[in-house]
A.B. asks: 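Dropping the structure in here first, questions after.
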Amino acid sequence: MSNTASISYLVTHSGGFHADEVLSSVILTTLYPSAELVRSRDAKWISPAEDRIIYDVGREFDAARQIFDHHQKPVPLRPCDEGETAQPFSSFGLIWAHYGLEYLRALEVPEAHLEDIHASFDRGFVLPIDLMDNGVMNPGEAGPMLAGLTLPALIESLKPVFDDTTEDGEDRAFGQALELARQLVEASIRRKLAKRRAETMVREAITATGAGKVLELAMGMPFRSAVEDMQADHLLFVVHPRGDDWTLTTIRKGGDTFENRADLPEAWAGLTDGDLEAASGVQGAKFCHNGRFIAVADSREGILKMAELAVAAV
């Protein structure tokens with residue numbers, strides 16, 4: 001990464017904005033909080049210099065000279081394995097590849113998780129932005145109702161409307177988009193970190209459970225990836241406290257299906273309170289979803305009894 005003290009300007013293009021330079025700005029303004037963000041197409045600004053990082057403008061990509069554009073030919077391509085089709089970078093992908101690790105350090109991501117989270121965020125967040133920005137991925141393929149709900153579409157929806165002639169309107173809208181994008185990026189990183197903390201806790205709980213079919217956790221948390229990684233195929237249900245109550249949930253067969261390893265008893269479906277107590281025989285049973293994937297009781301004793309009954313009914 002460049003010497004922080006030497007960077008005085010972060011330069012991207014003026015006019016209408018897109019997700020790639022907005023998200024690039026999230027990374028760079030975090031790393032260089034004292035630098036001035038300049039939106040311009042003036043040659044004096046988009047010419048490489050030691051005091052600036054230029055991105056999404058300039059028609060060059062040269063990390064050593066701190067310029068990160070992708071509109072030139074040939075377009076910068078992501079590394080790929082032999083036999084695979086190389087995918088194009090947007091400015092966001094270029095910035096993430098060069099500055100992403102330092103950005104994660106700035107967010108105090110533990111060193112042990114840096115490479116993993118950097119790669120995970122690249123696959124799940126950066127790459128789709130790259131592909132959509134380059135026209136390789138068509139959001140409309142997910143259905144016309146969803147096309148306008150992609151992150152690039154939502155960011156661009158903050159642009160001034162066509163007849164808004166307010167002075168500096170585009171720059172102010174860019175600032176609004178930047179702060180929204182910052183919250184989304186930081187939230188994504190926080191969730192990835194939380195998932196890794198959860199995986200450690202779930203692995204310990206699986207070990208403590210042994211051959212049992214019900215996994216008890218100290219709180220609600222993501223559990224499926226750890227269950228699958230440890231090949232804990234014997235587990236059927238998970239219990240954990242939720243506020244003053246306790247919850248019993250099913251475990252899906254995989255990430256691409258809603259089918260469960262086992263459903264809760266059919267006789268419980270859609271029942272609440274006294275009706276559920278009568279159907280289950282468990283005092284304090286409070287709720288069972290009609291889809292039979294979650295049930296609630298008012299005590300640990302009650303939820304464990306419901307879990308025992310659910311296992312016996314499989």
Side-chain angles (χ1 to χ4, degrees), residues 1-13 17-39 45-58 60-70 75-80 87-131 133 151-152 155 174-175 177-197 199:
M1 192 179 81
S2 307
N3 185 337
T4 301
S6 70
I7 299 300
S8 299
Y9 305 102
L10 305 173
V11 183
T12 190
H13 61 81
F17 53 82
H18 301 93
D20 62 331
E21 77 266 22
V22 173
L23 290 161
S24 297
S25 299
V26 170
I27 307 306
L28 294 174
T29 56
T30 299
L31 292 176
Y32 303 99
S34 298
E36 180 183 350
L37 179 59
V38 177
R39 301 183 69 239
W45 280 115
I46 64 175
S47 298
E50 290 185 359
D51 66 350
R52 67 196 60 178
I53 299 171
I54 303 165
Y55 53 102
D56 208 44
V57 69
E60 290 186 70
F61 166 50
D62 187 342
R65 296 167 65 223
Q66 299 166 178
I67 182 167
F68 300 86
D69 199 10
H70 69 107
V75 62
L77 297 175
R78 288 170 163 267
C80 63
Q87 297 170 315
F89 278 111
S90 75
S91 63
F92 186 35
L94 294 173
I95 291 294
W96 184 254
H98 194 70
Y99 296 97
L101 287 174
E102 288 305 314
Y103 172 77
L104 293 176
R105 289 190 177 98
L107 295 188
E108 300 183 345
V109 172
E111 287 288 328
H113 294 313
L114 274 179
E115 294 288 346
D116 174 40
I117 289 182
H118 184 271
S120 174
F121 187 76
D122 185 63
R123 286 191 306 272
F125 198 116
V126 183
L127 176 58
I129 299 295
D130 285 357
L131 298 182
D133 190 83
L151 181 55
I155 286 176
F174 185 92
L178 174 57
E179 292 313 308
L180 171 64
R182 189 187 311 281
Q183 293 182 49
L184 295 173
V185 170
E186 292 180 358
S188 178
I189 300 302
R190 285 196 302 271
R191 293 185 73 84
K192 289 181 182 298
L193 273 173
K195 182 179 179 182
R196 280 147 187 81
R197 293 196 302 273
E199 286 172 348

A.B. asks: Is it true that His70 and Asp20 share a donor-acceptor pair across their side chains at a distance under 3.5 Å?
C.D. replies: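 Side-chain D/A pair, Asp20 to His70: present.
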
A.B. asks: Mind checking salt bridge (charged side-chain N to carboxylate O under 4.0 Å, His left out) for Glu111 and listing every partner two or more places apart, or none if nothing turns up?
C.D. replies: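 Per chain and number, Glu111 pairs via salt bridge (charged side-chain N to carboxylate O under 4.0 Å, His left out) with Arg105.
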
A.B. asks: Hey, does Leu104 have a side-chain heavy atom less than 4.5 Å from the side chain of Phe121?
C.D. replies: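 No; the side chains remain at least 4.5 Å from each other.
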
A.B. asks: Given the rule in the side-chain hydrogen bond (donor to acceptor under 3.5 Å, both in side chains) test, do His18 and Asp56 qualify, once you have shown the distances and angles that lead to the verdict?
C.D. replies: CA-CA 10 Å; His18 301 93; Asp56 208 44; 5.2 Å; no

A.B. asks: Counting heavy atoms not belonging to Glu50, are there more than 12 under 6.0 Å from its CD?
C.D. replies: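 No, not enclosed.
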
A.B. asks: For Leu151 and Phe125, what are the C-alpha separation, side-chain angles and deciding distance, and is it a side-chain contact (heavy atoms from CB on, under 4.5 Å)?
C.D. replies: CA-CA 10 Å; Leu151 181 55; Phe125 198 116; 3.5 Å; yes

A.B. asks: Show, in sequence, the C-alpha distance, side-chain angles and deciding distance for Leu178 and Leu37, and conclude whether the side-chain contact (heavy atoms from CB on, under 4.5 Å) test is met.
C.D. replies: CA-CA 11 Å; Leu178 174 57; Leu37 179 59; 4.2 Å; yes

A.B. asks: I need the single residue from Ser91, Ser25, Ser90 that forms a side chain to side chain donor-acceptor pair (under 3.5 Å) with Tyr55. Which is it?
C.D. replies: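 Single side chain to side chain donor-acceptor pair (under 3.5 Å) partner of Tyr55 among Ser91, Ser25, Ser90: Ser25.
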
A.B. asks: Would you confirm whether Asp69, through its side chain, and Val57, through its main-chain N or O, come within 3.5 Å as a donor-acceptor pair?
C.D. replies: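 Between the backbone of Val57 and the side chain of Asp69 there is a qualifying donor-acceptor contact (under 3.5 Å).
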
A.B. asks: Begin from the C-alpha positions of Asp130 and Gln87 and carry the test side-chain contact (heavy atoms from CB on, under 4.5 Å) through to its verdict.
C.D. replies: CA-CA 8 Å; Asp130 285 357; Gln87 297 170 315; over 6 Å; no

A.B. asks: Does the plane of the ring in Phe61 sit parallel, tilted or perpendicular to the ring in Phe68? Use 30° and 60° as the thresholds.
C.D. replies: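 Aromatic pair Phe61/Phe68 classed tilted.
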
A.B. asks: For the residue pair Gly58 and Ile67, what are the closest heavy atoms and their distance?
C.D. replies: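 Minimum heavy-atom contact is CA-CD1, 4.1 Å.
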
A.B. asks: Answer yes or no: is there a side-chain heavy-atom contact under 4.5 Å between Leu193 and Pro110?
C.D. replies: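 Leu193 reaches Pro110 side chain to side chain.
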
A.B. asks: Could you give all pairs that pass the salt bridge (charged side-chain N to carboxylate O under 4.0 Å, His left out) test and reach residues 187-197, with sequence neighbours left out?
C.D. replies: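 As it turns out, the salt bridge (charged side-chain N to carboxylate O under 4.0 Å, His left out) pairs with a partner in residues 187-197, which skip direct neighbours, are Asp116-Arg196.
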
A.B. asks: Report yes or no: does Trp96 contribute a side-chain atom to a donor-acceptor pair with the main-chain N or O of His118 at less than 3.5 Å?
C.D. replies: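 Such a contact is found between Trp96 side chain and His118 backbone.
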
